[in-house]
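Worksheet: one structure, shown below.
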Amino acid sequence: MLDQHKKKETIIKKIENLRREIEEHNYAYHVLDAPSISDAEYDKKFQALKELEKQHPELITPDSPTQRVGAKPLKEFTQVNHEIPMGSLDNAFSEEEMLAFDRRVRQLLDTTDEMEYVCEPKMDGVAVSIRYENGLLVRAATRGDGETGEDITQNIRTIKMVPLRLRGSSIPNIVEVRGEVYLPKKGFAELNARSEARCEKIFINPRNAAAGSLRQLDSAITQSRPLAIYFYGIGSKPSPEIPTTQTELLSTFKSWGLPVCPLTKKVKGLAACLAYYQSMNEKRQQLPYEIDGIVCKVNSQDYQTQLGAVSKRPRWAIAYKFPAEEVETTIESIEFQVGRTGALTPVARLQPVFVHGVTISNATLHNMDEIHRKKIHIGDRVMVRRAGDVIPEVVSVVKSAAKTQKILLPTHCPICHSKVEHIEGEAVARCSGGLFCPAQRKEAIKHFASRRAMNIEGLGDKIIDQLVDTKLVDNVADLYSLSLEQLADLDRMGEKSAHNILDALQTSKKTTLARFLFALGIREVGEATAKQLANHFGDLAHVMAATEDALQAIPDIGPVVAKHIMAFFAEKHNPKVIEKLIAAGIHWPKVEKKLSALQGKTFVLTGTLKTMGREEAKEKLERLGAKVAGSVSSKTSYVVAGEEAGSKLLKAQTLNVSILNEEEFLDILRKNG
Ligand code: IVH
């Protein structure tokens, strides 16, 4: 008995030692960038640990380096509410904008001294927030809309650069750390080569590939993607106290075993930030990962607190973005695509060119006015620009074709042959076919099924095209009466995929009112407006019955959007489809009306606003529970400064009252509407 006990003790020791050695190596490799043992030695230790754990499964702990893949695939991602919302950064595209940023920082801090900044590369990936409790990784979430993200713990655990347990003795009980998950260029190229060989989906850029990899329900798939991460910030108020500067925070991260970007640099003054930007722009191509700019942060956390944030965008940091890359190519032909609302968009088919790691063969020309303004013709040599996820666009003509041929707007829809309507003064021309037009129908269904709408996983564009072409689906409600046989009979679809789609359709029935409203595809009703409609009216019947005045009470909704909403519900066909959808089982939880965050806040309006009159602004604020005062005092929560703001603005500055420009003000209205 005693002997057996001893034996077990030895095994426990052995396992603990192996784990420690593996962790040490991970730390040396990922954080210090100084590998301590060879890959072969590492593998040997890893296999030895695996073997021991196989023989003694009772000794497996969740933080063991062998436990990175989840036991089984998830059914769906659960939602996570961020304790501290995940904000975003203001962007700058020019030195002037950087100058304005630096000026504002120093003005608000009331100092003429040069500011100490930390410059970091802006990683082009996906923001995540990872929570450690007593040093153990307990949860990881995506940013989502900033307030609520998705629980991707299983997938984050597969990333070797993410420690499952923090190192060191001075780790807080609870801490949430934020960073960017990215796919290195090499990993991206390999992934796409592999996908191409298997006729699978090709990702357009490393960021998309990283996002797609994090959205896998099966963490074994995520593990097969060589994802990486750098940490750059904190998302909770940890105790004991956090360090007092960004640089100290980053070194603390390192001591905890969290990798940070080695190119980070502390500098003094704006000129040094600009120099850092230049040097990163030059280095960019040689870096093993993609960056789309730099981030400048005020180093002192005291200053950061004083500067605060507006609409979840810190005033102490800015992203200085690199200009989009441009290349030259030839326009081979021009076609017209029909969108969800019937809008005809001219698209240039290009001689394929390689931009930023991707081959592009189409670029948007936006509308006819653009074509005329830029004097574009078939056969022209043109500059094409591609930036991030934005659709590539034709920027300008470099050399006109020898024989130019005028590009004409088709008089009839290229898909359904209905008349094309071009409203005088409006830039877009539209197919008048409405839902009779298969192109519009397809786009409406694609929108309905998309991730941020009903999120019907697996119901991709190609399948929707087939469903409409074969007349199995005429409107979105028909999706819910599809049978297994009908789906399995489609091209390139097996029984298993058909099953998955039926499951996904079933899952999609549980939704939210906001998602449902967004999914309907009402013109000009995006996600934010849909959310506001849901929060404001509380249920579908009230939205459908809302009068123009009632709709316009919502900050984002002006007369045009209100008309679109009313027109949508007035169209006979639409309430019928909605009825069918509800009958098919689509449901959502009752909307809890949130008390506006502006309740009890005092605003002072000064200067001229471009988008609304003083009275209208006052009315909107009051409707959200805020008070509007005539003069600034230390009790004022915000001063909204329009153009030519005068003494009230000065007073706000002296009293250290938060100042909002028009854009920030509109954002606040939107977020609270
Ligand atoms: S700090 C309040 N630092 O850029 C947000 N962000 O638009 C503070 N990003 O969502 C973010 N590299 O996904 C920060 N070194 C860096 C970054 C970085 C990339 C991303 C991040 C964020 C977005 C901001």
Side-chain angles (χ1 to χ4, degrees), residues 82-93 97 101 105 117-130 140-150 152 156 159 161 176-184 205-211 213-214 227-237 242 245-247 249-251 253-254 258-267 273 276-277 280-281 283-284 287-299 301 303-305 307-322 387-390 663-664 667 671:
H82 298 298
E83 211 170 277
I84 296 183
M86 289 180 80
S88 58
L89 295 169
D90 274 332
N91 290 325
F93 294 92
E97 286 174 319
F101 162 75
V105 163
Y117 290 112
V118 174
C119 295
E120 299 170 6
K122 184 164 187 302
M123 306 300 300
D124 201 5
V126 181
V128 295
S129 191
I130 306 181
T142 58
R143 178 177 185 281
D145 62 5
E147 307 267 355
T148 323
E150 282 179 328
I152 50 159
I156 287 295
I159 304 174
M161 272 169 98
E176 222 166 292
V177 287
R178 290 180 175 168
E180 193 88 346
V181 170
Y182 63 93
L183 191 60
N205 58 32
R207 172 142 69 100
N208 265 316
S213 304
L214 284 182
L227 293 170
I229 189 167
Y230 280 139
F231 291 90
Y232 51 66
I234 199 137
S236 60
K237 291 202 175 66
I242 45 169
T245 61
Q246 172 72 4
T247 24
L249 178 72
L250 295 178
S251 354
F253 277 3
K254 277 185 24 183
L258 302 167
V260 303
C261 180
L263 299 173
T264 299
K265 191 174 169 192
K266 183 168 88 179
V267 302
C273 292
Y276 179 86
Y277 172 85
M280 283 301 139
N281 201 7
K283 269 204 196 108
R284 179 179 183 199
L287 293 179
Y289 41 77
E290 287 207 346
I291 63 175
D292 58 345
I294 65 161
V295 183
C296 284
K297 302 176 179 174
V298 169
N299 196 22
Q301 284 186 351
Y303 280 167
Q304 291 184 5
T305 316
L307 289 162
V310 177
S311 312
K312 291 189 222 124
R313 287 199 294 267
R315 282 201 280 218
W316 46 265
I318 194 159
Y320 188 8
K321 303 281 272 285
F322 294 137
D389 270 351
V390 198
E663 194 196 322
E664 293 162 345
D667 223 35
K671 300 271 159 59

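Ligands are counted one by one from 1 in listed order, and the atoms in each one are counted from 1 as well. If you're wondering where the values come from, they're calculated on a predicted model, not measured in any experiment.
To the nearest 0.5 angstrom, Lys122 atom NZ is 11.5 Å from Ile294 atom CD1. In this structure, the separation between CD on Glu120 and CD on Glu180 is 11.0 Å, given to the nearest 0.5 Å.
The closest heavy-atom contact to atom 23 (C) of ligand 1, among the options Lys122, Lys297, Arg207, Lys312, comes from Lys122.
For the 3.5 Å distance criterion, the side chains of Ser129 and Glu176 qualify, holding a donor opposite an acceptor. Between the side chains of Gln304 and Gln246, no donor-acceptor pair of N or O atoms lies under 3.5 Å.
Using a 30° and 60° split on the angle between ring planes, Tyr289 and Tyr230 fall in the perpendicular class, above 60°. Note: Phe101 and Tyr117 have tilted aromatic rings, judged against thresholds of 30 and 60 degrees for the angle between ring planes.
For a threshold of 3.5 Å applied to N or O pairs, the pair formed by Arg143 and ligand 1 contains no separation below that value. When only interatomic distances are considered, the shortest N/O to N/O separation between Met123 and ligand 1 falls below 3.5 Å.
In Arg178, neither the side chain nor the backbone holds a heavy atom less than 4.0 Å from any atom of ligand 1. Here Leu89 has heavy atoms under 4.0 Å from ligand 1 in both its backbone and its side chain.
We find that Lys312 and Glu147 are joined by a salt bridge, their nearest charged nitrogen and carboxylate oxygen being less than 4.0 Å apart.
From the protein, the heavy atom lying nearest to atom 11 (C) of ligand 1 is Tyr232 CE1, 3.8 Å. The single protein non-hydrogen atom nearest to atom 9 (N) of ligand 1 is Glu180 OE1, 3.7 Å, given as residue, atom name and distance.
For ligand 1 and Ala127, the ligand atoms under 4.0 Å from any heavy atom of the residue are 10 (O), 13 (O). Listed by atom number, the atoms of ligand 1 under 4.0 Å from Pro314 heavy atoms are 2 (C). Per-residue contacts place Pro121 under 4.0 angstrom from the following atoms of ligand 1 (heavy atoms of the residue considered): 12 (N), 15 (N). Less than 4.0 angstrom separates some heavy atom of Glu120 from each of these atoms of ligand 1: 3 (N), 15 (N), 16 (C).
A side-chain donor-acceptor contact under 3.5 Å links Asn299 to the backbone of Thr247.
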